[in-house]
Amino acid sequence: MAPSVPRLRFAPSPTGYLHVGGARTALFNWLYARKFGGQFLLRVEDTDKARSTEESTRAIFEGLQWLGLEWDEPVVHQGANLERHRADAQRMLANGTAYRCFCTQEELAQRRAAAEAAGAAFKYDRRCDRLDRVEVERRVAAGMPFTVRFRVPEGSTSWDDLVHGTIAFLNKDIEDFIVLRTDGTPIYNLAVVSDDIAMAITVVMRGDDHISNTPKQIQLYRALGAELPVFAHLPMIHGMDGKKLSKRHGATAVGDYQHLGILPSAMMNFLALLGWAPGNDIEVMSREQMIELFDPSGLQKRAAIFDLKKLEWMNGQHLALISPDELLQRALPALVAAGYGSAEEIMARREWVFSLLELLKVRSRTIDEIVWQAAPYFNEQIELDAEAVRKQWKDRALTEAILRGALEVLSPLTEWNLTSTEAALNQLAARLDLVEKPGKLYQPLRVALTGRAVSPGIFEVLVVLGRKRAQQRLEAALLRLRQDEPTPD
RNA sequence: GGCGGUAUCGUCUAGGGGACUAGGACACGGCCCUCUCAAGGCUGGAACACGGGUUCGAAUCCCGUUACCGCUACCA
């Protein structure tokens, strides 16, 4: 059983960005630790120097931080533990659970090819384990290079997986695997076990592509005299075509979603639901609720398919939940990038921005959509959408009457708010006999005020625009209408 | 090939022997609300991979088959 204070770790290899599958694995590790009062640690598996990069390490940290998956102790770099890995291999050599193998890579490749040609499965034949002590010593003295191989014992290896239940392997199906290379560097399975023991990891939660590594690792724990952790193997994430999620499916890095205008809380919520369900038909959750409701027994065994549409819906739900402050904080960089002003300028109009965001977020699924919709309110000049103009300003005489009339009823207002502008426009509607057809009145106005056929309610637009700009836009529209006048078809 | 894993609507899932004419959500269609677009409400179509058992009774348990996925390196 898991001890009372569980320790878990997320152990990515820094060979790319933080993949959504990795992010979900990290998320479940984190949830488990938070739920049961344990620790969540981070270990960078950078033993593969050729493929590991600093940049990738940084990208992974950033992705985790963006999601809010804070780790509790300094990051462990696997590459720094080489001496311990080596010492552990020596320990196994000394206690007889491993042996030296002098077969070269070429010989092995040859035998493997021969076996395959004969239609048989290749498995190391243990020839070096049969060398007598004298011969081994002679070869070592002669400086012959060797690897260290683990001697897999008879019998079977099984464990009670937290998500799959009991999984068992026959040891005869596991070959004597190499644990230390000729150059004295460790193979993955040794490095992982050695580090997990050193970090006192009690729950190893990882992708189910590691299931077949697990019996080997269990043997290693035993050979090193260490207590076994609890294993939990999480399913993978697939793309819409049911294949393993890859670049072909579009964005796979969590950073991509950040730039698409997804909220971290929505991303977390969505990822959590991909492979776990709290039950009771609960779907939208804050991070606190997720921790509260998390239960490893609800972990899914089956690979899930990443559905962008649902992520977007989820984001819309979270947009509705977050505070104006948080929304502004998350949207600010995108607002600046869109050219709406400097961060200082935008923050100076904080209250106004709050009210604008409040109007736009309900009609948006992502921050990017909010930014796009915000253009007519931040920019001095608006672009008239040609399609909207064509459709809504079709009747030029009526449009002119509406614009002129709006200017007339709006100008004398002493108060400029939702109720006063509504009253004024109602008056205009009556005058133009459009009370029964409000769309005929409001749509042309909407185009004049925002340049678009879609916007928040017209009175809200008037208020957020402010009297001055609203009037300027109506006048500009009138002008534009006259310029375009001589266009009889 | 060998070994391992998985199998409920298109997708995410609820379900853990009778409460199932299988529930919810996304997506899709319709209706309502409505100045547009959203949001919201209501509503429709849509699934237990197949075959055998066990049982009075199976989506739920067991065994096969099939399909898909993973591993099978001196990669991680």
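In what follows, chains carry the letters A, B, and so on, assigned in the order in which the sequence lines appear, proteins first and then strands, with residues in each chain numbered from 1.
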query = Within 45° of the axis and under 6.0 Å from the centre of the six-membered ring of A/Tyr124, does NZ or CZ of A/Arg149 qualify?
reply = yes

query = Base, sugar-phosphate alone, or nothing: which one does A/Gln392 contact when heavy atoms must sit under 4.0 Å apart?
reply = nothing

query = With distance as the sole criterion, do the side chain of A/Lys310 and the base of B/A27 form a donor-acceptor contact below 3.5 Å?
reply = no

ask   = Would you say a side-chain N or O of A/Gln443 is under 4.0 Å from OP1 or OP2 of B/U34?
value = no

task = Measure centre to centre between the rings of A/His318 and A/Phe270, then say whether the value is under 6.0 Å.
result = no

Face-on cation placement of A/Arg151 at A/Tyr99 ring, 6.0 Å and 45° thresholds = no

message = One thing to verify: whether A/Arg111 and A/Asp125 come together as a salt bridge, which I'm taking to mean a side-chain N less than 4.0 angstrom from a carboxylate O.
response = yes

key: Between C1' of B/C12 and CD of A/Gln317, the distance in whole Å   = 15 Å

query = Near RNA chain B, under 4.0 Å by heavy atom, which residues of residues 176-184 of chain A?
reply = A/Ile178, A/Arg181, A/Thr182

message = Angle between ring planes, A/Trp276 versus A/Phe28, binned at 30° and 60°: parallel, tilted or perpendicular?
response = perpendicular

request  = Select base, sugar-phosphate, or nothing to describe what A/Phe169 touches, counting heavy atoms under 4.0 Å on all strands.
outcome  = sugar-phosphate

task = Indicate whether OP1 or OP2 belonging to B/C75 is found under 4.0 Å from a side-chain N or O atom of A/Gln105.
result = no

key: Phosphate OP1/OP2 of B/G5 contacted by A/Ser212 side-chain N/O (<4.0 Å)   = no

message = With a 4.0 Å limit, can you tell me whether A/His210 has a side-chain N or O closer than that to the phosphate oxygens OP1/OP2 of B/C71?
response = no

Separation between CD1 of A/Ile174 and OG1 of A/Thr157, rounded to the nearest 0.5 Å = 5.0 Å

inquiry  = Just by distance, no angles: are the side chains of A/Asp161 and A/Trp159 close enough, under 3.5 Å, to form a donor-acceptor pair?
reply    = yes

message = Looking only at the side chain of A/Leu274 (C-beta and beyond, no hydrogens), which of the listed nucleotides B/A39, B/C12, B/G2 gets closest?
response = B/C12

request  = Find the partner of B/G57: check Watson-Crick (N1-N3 plus N6-O4 or O6-N4) and G-U wobble (N1-O2, O6-N3) distances, both under 3.5 Å, and reply none if neither fits.
outcome  = none

task = Just compare B/C26, B/A38, B/C69 and give me whichever is closest to any side-chain atom of A/Asp307.
result = B/C26

ask   = Does A/Glu55 pair with A/Arg58 as a salt bridge, N-O distance under 4.0 Å?
value = no

query = CG of A/Leu321 versus C1' of B/A39: gap in Å, rounded?
reply = 13 Å

query = What is the distance from CD1 of A/Ile211 to P of B/U72, rounded to the nearest Å?
reply = 14 Å

ask   = Start at the 5' end of RNA chain B and walk down; is the nucleotide closest to A/His164 or to A/Gly119 reached first?
value = A/Gly119

message = Please determine whether a side-chain nitrogen of the Lys or Arg among A/Arg452 and A/Asp385 lies less than 4.0 Å from a carboxylate oxygen of the Asp or Glu.
response = no

Between B/A27 (C1') and A/Trp313 (CH2): distance, integer Å = 12 Å

ask   = Could a donor-acceptor pair under 3.5 angstrom be found where the side chain of A/Glu283 meets the base of B/G24?
value = yes

query = What residues in residues 447-462 of chain A put a non-hydrogen atom under 4.0 Å from any atom of RNA chain B?
reply = A/Ala453, A/Val454, A/Ser455, A/Pro456, A/Gly457, A/Ile458, A/Phe459

ask   = Within the pair A/Arg302 and B/U8, is there a side-chain N or O less than 4.0 Å away from OP1 or OP2?
value = yes

task = Can you tell me, in whole Å, how much space there is between the P of B/C32 and that of B/G24?
result = 23 Å

Each nucleotide N or O in nucleotides 19-23 of chain B that has a protein N or O under 3.5 Å away: list the pair and distance.
unit_1, atom_1, unit_2, atom_2, d
B/G23, N2, A/Asp281, OD1, 3.4

query = Under 4.0 Å between a Lys/Arg side-chain N and an Asp/Glu carboxylate O for A/Arg365 and A/Glu369?
reply = no

inquiry  = What contact category does A/Ala120 fall into here, base, sugar-phosphate, or nothing, at under 4.0 angstrom with non-hydrogen atoms?
reply    = nothing

task = For side-chain hydrogen bond (donor to acceptor under 3.5 Å, both in side chains), just list the numbers for A/His85 and A/Asp88, CA-CA rounded to whole Å, side-chain angles, deciding distance to a tenth of an Å, and then say yes or no.
result = CA-CA 5 Å; A/His85 300 153; A/Asp88 281 343; over 6 Å; no

ask   = A/Asp209 or A/Ile187: which one's nearest nucleotide on RNA chain B is closer to the 5' end?
value = A/Asp209

inquiry  = Between A/Thr366 and A/Asp368, is there a side-chain donor-acceptor contact under 3.5 Å, judged purely by atom types and distance?
reply    = no

key: Nearest-angstrom distance from the residue atom CG of A/Asn280 to P of B/U13   = 17 Å

key: Between B/C35 (C1') and A/Arg363 (CZ): distance, integer Å   = 11 Å

inquiry  = Using whole Å, what does the distance between atom P of nucleotide B/U34 and atom OH of A/Tyr442 come to?
reply    = 13 Å

ask   = What is the nucleic acid contact for A/Ala277, judged by heavy atoms within less than 4.0 Å: base, sugar-phosphate only, or nothing?
value = sugar-phosphate

key: A/Ile370 CD1 to B/A39 C1', straight-line distance once rounded to whole Å   = 13 Å

Candidates B/A73, B/C35, B/A14 - which lies nearest the side chain of A/Glu175 = B/A73

ask   = Does the gap between the ring centers of A/Trp71 and A/Phe61 come in under 6.0 Å?
value = yes

ask   = Is B/A22 paired to anything, Watson-Crick or G-U wobble with both distances less than 3.5 Å, and if yes, which nucleotide?
value = none

task = Please work out if A/Thr104 contacts a base, only the sugar-phosphate, or nothing of the nucleic acid, heavy-atom cut-off 4.0 Å.
result = base

task = Report yes if some heavy atom in the side chain of A/Arg100 is under 4.5 Å from a heavy atom in the side chain of A/Cys128; otherwise report no.
result = no

task = Sticking with atom P, work out how far B/C9 lies from B/C42, rounded to a whole angstrom.
result = 25 Å

Base-pairing assignment for B/G4 (Watson-Crick or G-U wobble, both under 3.5 Å) = B/C69

